[in-house]
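Let me begin by presenting the structure, written as structure tokens, before commenting on it.
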Amino acid sequence: MRAQSKALLLIGDGMGDRPIAELGHRTPLEAAHTPCMDRLAREGECGLMDPIAPGIRAGSDTAHLALLGYDPYQVYTGRGPFEALGIGMEVRGGDVALRCNFSTVDENWRVIDRRAGRITQGTAELARAVNGVEIEGVQCFFKESVAHRGALLLRGEGLSARITDVDPHTEGEFVRECRPLDPQDEAAQRTARVVNAFVRLSYERLKEHPINRERVAQGLLPANIILPRGAGVAPHLEPFPQRHGVRAAAVVETGLIRGIARFVGMETRDAPGTTGGLDSDLMSMGHTLLQALQEYDFILCNVKAPDLCGHDGNPHQKVEVIERMDAMLRLVLESAEPNLYICLTADHSTPCSVRDHSGDPVPLVLWGPDLRGDEVQAFHERACMRGGLGRLRGSDLVPILTQLMGVQEKFGA
Ligand code: ZN
Ligand code: ZN
């Protein structure tokens, strides 16, 4: 089947919220002036969506997996692989990934500081010193993340994530030996040996590294070892384009969502001037979206800023970034082909009062040709309660879109 229409899944990260006294007991979406979002609501069908399930506080990673039609409870096997994806590492099905810290140990491997004096500089060079080694035929990739963090990715045959942490999680304790959870499990035994060898190698290569000599000379703690934890195995997934018979791409601005999109087999496009921050150029993103819509059938787009405002507890800024998203939407609507469906929603709520992700459902609008429509006149949490789509789960989205796009196989005769 060839797609008869196209679809844009536009996600305001953490856009859902709760009523806020400062905004006259309105949510940021209610308080914001959003003529284009409201037009979608007036002309389309609205609803509320539980990204994973009612009351579940979703992460951006698990929520996006659900929104793309993958069961996060099956796919999400520990944070390691998603940490690695988030910092732009290429992750393949079967890879074992671990979250890591650059840490400081004494010569007996007693942990002095798990965060190596909260190191912020020079970690890319330290990472290069240990990246790309091969141990027992297993390729070991290491990449730094922000500050003292990083990820270790193991690629090879017969690996398992059923291993213990090296990081003792407490200062003053000795570095732990990585062990298989089940002593009979050969894959886990081998993986544990590789991890232990990597930790030893990190100490040998980092303890006298010029960056660390310089740190010691300045009275700072050296980042003289890498301590892995939280092993997870990357699952084998059926790629999104094959599964649905569509050409799919993502226009995203954060490493995590880019990593997830690539992991499910979508291509990714970067818009110039997008930063994943509050200063991100959303009009540039809109232009990139329009270009991508020429070439692909299904586009995922994630705008990060609303989530940042929620974490900062800044409702006025959240109103402002929602209004900028509305302007980006205007650009898309002005040039949209008549066969385009737009689904605008959020991956979870990040209420300013909570300053973190909550389990509140998010508003959703579906807009495009031949929809039945409903009575909703505005796009926000309370208006969408009365919408024709009722209350959905994130995993309902892809079937709804693929049947409208005309690419879904019939279930039955
Ligand atoms: Zn998110
Ligand atoms: Zn967040």
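Throughout, numbering of the chain's residues begins at 1 and tracks the sequence. All values reported here derive from a predicted model rather than from experimental measurement.
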Let me confirm one number: the [atom1]-[atom2] distance from [X] to [Y], rounded to the nearest 0.5 Å.
X      : Y      : atom1 : atom2 : answer
Arg262 : Glu90  : CZ    : CD    : 9.0 Å
Leu126 : Gln121 : CG    : CD    : 11.5 Å
Arg39  : Asp326 : CZ    : CG    : 11.0 Å
Ile87  : Arg258 : CD1   : CZ    : 13.0 Å
Asp13  : Asp307 : CG    : CG    : 4.5 Å
Tyr73  : Leu65  : OH    : CG    : 12.0 Å

Counting distance only, does the side-chain N/O of [X] pair as donor-acceptor with the main-chain N or O of [Y] below 3.5 Å?
X      : Y      : answer
Thr350 : Gly310 : no
Ser160 : Ala187 : no
Thr27  : Asp17  : no
Arg215 : Leu221 : yes
Asn212 : His209 : no
Gln408 : Thr402 : no
Glu381 : Leu29  : no
Gln189 : Pro183 : yes
Asp95  : Arg155 : no
Asn101 : Arg149 : no

Salt bridge present between [X] and [Y] (N-O < 4.0 angstrom):
X      : Y      : value
Arg243 : Glu238 : yes
Arg176 : Asp165 : no
Asp167 : Arg114 : yes
Glu186 : Arg190 : no
Arg382 : Glu30  : yes
Asp396 : Arg393 : no
Arg247 : Asp297 : yes

- Apply the salt bridge (Lys or Arg N to Asp or Glu O under 4.0 Å) test between Arg57 and each candidate in Asp50, Asp356, Asp347; give the one that qualifies. Asp356

- Go through Ile225 and Leu206 one step at a time and tell me if the side-chain contact (heavy atoms from CB on, under 4.5 Å) criterion holds. CA-CA 6 Å; Ile225 199 163; Leu206 298 184; 6.0 Å; no

- Could you give me the CA-CA distance, side-chain angles and deciding distance for His64 and Leu300, then say whether side-chain contact (heavy atoms from CB on, under 4.5 Å) is met? CA-CA 10 Å; His64 277 77; Leu300 166 73; 4.2 Å; yes

- Message: Under a 3.5 Å cutoff, is there a donor and acceptor pairing between the side chains of Glu214 and Gln218?
- Response: yes

- Query: Will you find, in the side chains of His348 and Asp360, an N or O donor that is under 3.5 Å from an N or O acceptor?
  - Reply: no

- Do Arg269's NZ or CZ and the ring of Tyr296 fall within the cation-pi criteria of under 6.0 Å and 45°? no

Do [X] and [Y] come close enough that some side-chain heavy atom pair is under 4.5 Å?
X      : Y      : value
Leu154 : Val195 : yes
Phe174 : Val105 : no
Lys143 : Phe141 : no
Met285 : Ser280 : no
Leu9   : Val398 : no
Cys352 : Glu22  : no
Val111 : Glu173 : no
Val362 : Met15  : no

Using the ring of each side chain (for Trp, its six-membered ring), is [X] parallel, tilted or perpendicular to [Y], with breaks at 30° and 60°?
X      : Y      : answer
Trp109 : Tyr203 : perpendicular
Phe82  : Phe263 : perpendicular
His311 : His357 : tilted

- Taking only residues at least two apart or on different chains, which pairs with a member in residues 116-131 satisfy salt bridge (Lys or Arg N to Asp or Glu O under 4.0 Å)? none

Closest approach of [X] and [Y], non-hydrogen atoms and distance?
X      : Y      : result
Ala192 : Cys178 : CB-O, 3.5 Å
Thr254 : Gly276 : CG2-CA, 4.3 Å
Ala84  : Ala97  : CB-CB, 4.3 Å
Ala161 : Val233 : CB-N, 3.7 Å

- Query: Taking atom CZ of Arg162 as the centre, does the number of heavy atoms from other residues, nucleotides or ligands within less than 6.0 Å exceed 12?
  - Reply: no

- Note on the structure: Which of Ser358, Pro315, Pro28 passes side-chain contact (heavy atoms from CB on, under 4.5 Å) with Pro351? Answer is Ser358

- Message: Can you tell me which residue among Leu364, Leu40, Asp374, Thr345 is in a side-chain contact (heavy atoms from CB on, under 4.5 Å) with Cys46?
- Response: Asp374

- Message: Run Lys6 and Glu337 through side-chain contact (heavy atoms from CB on, under 4.5 Å) and show every step you take.
- Response: CA-CA 9 Å; Lys6 300 196 171 193; Glu337 305 277 336; over 6 Å; no

- side-chain contact (heavy atoms from CB on, under 4.5 Å) between Arg205 and Val133: does it pass, once the steps are laid out? CA-CA 12 Å; Arg205 294 195 180 177; Val133 296; 3.4 Å; yes

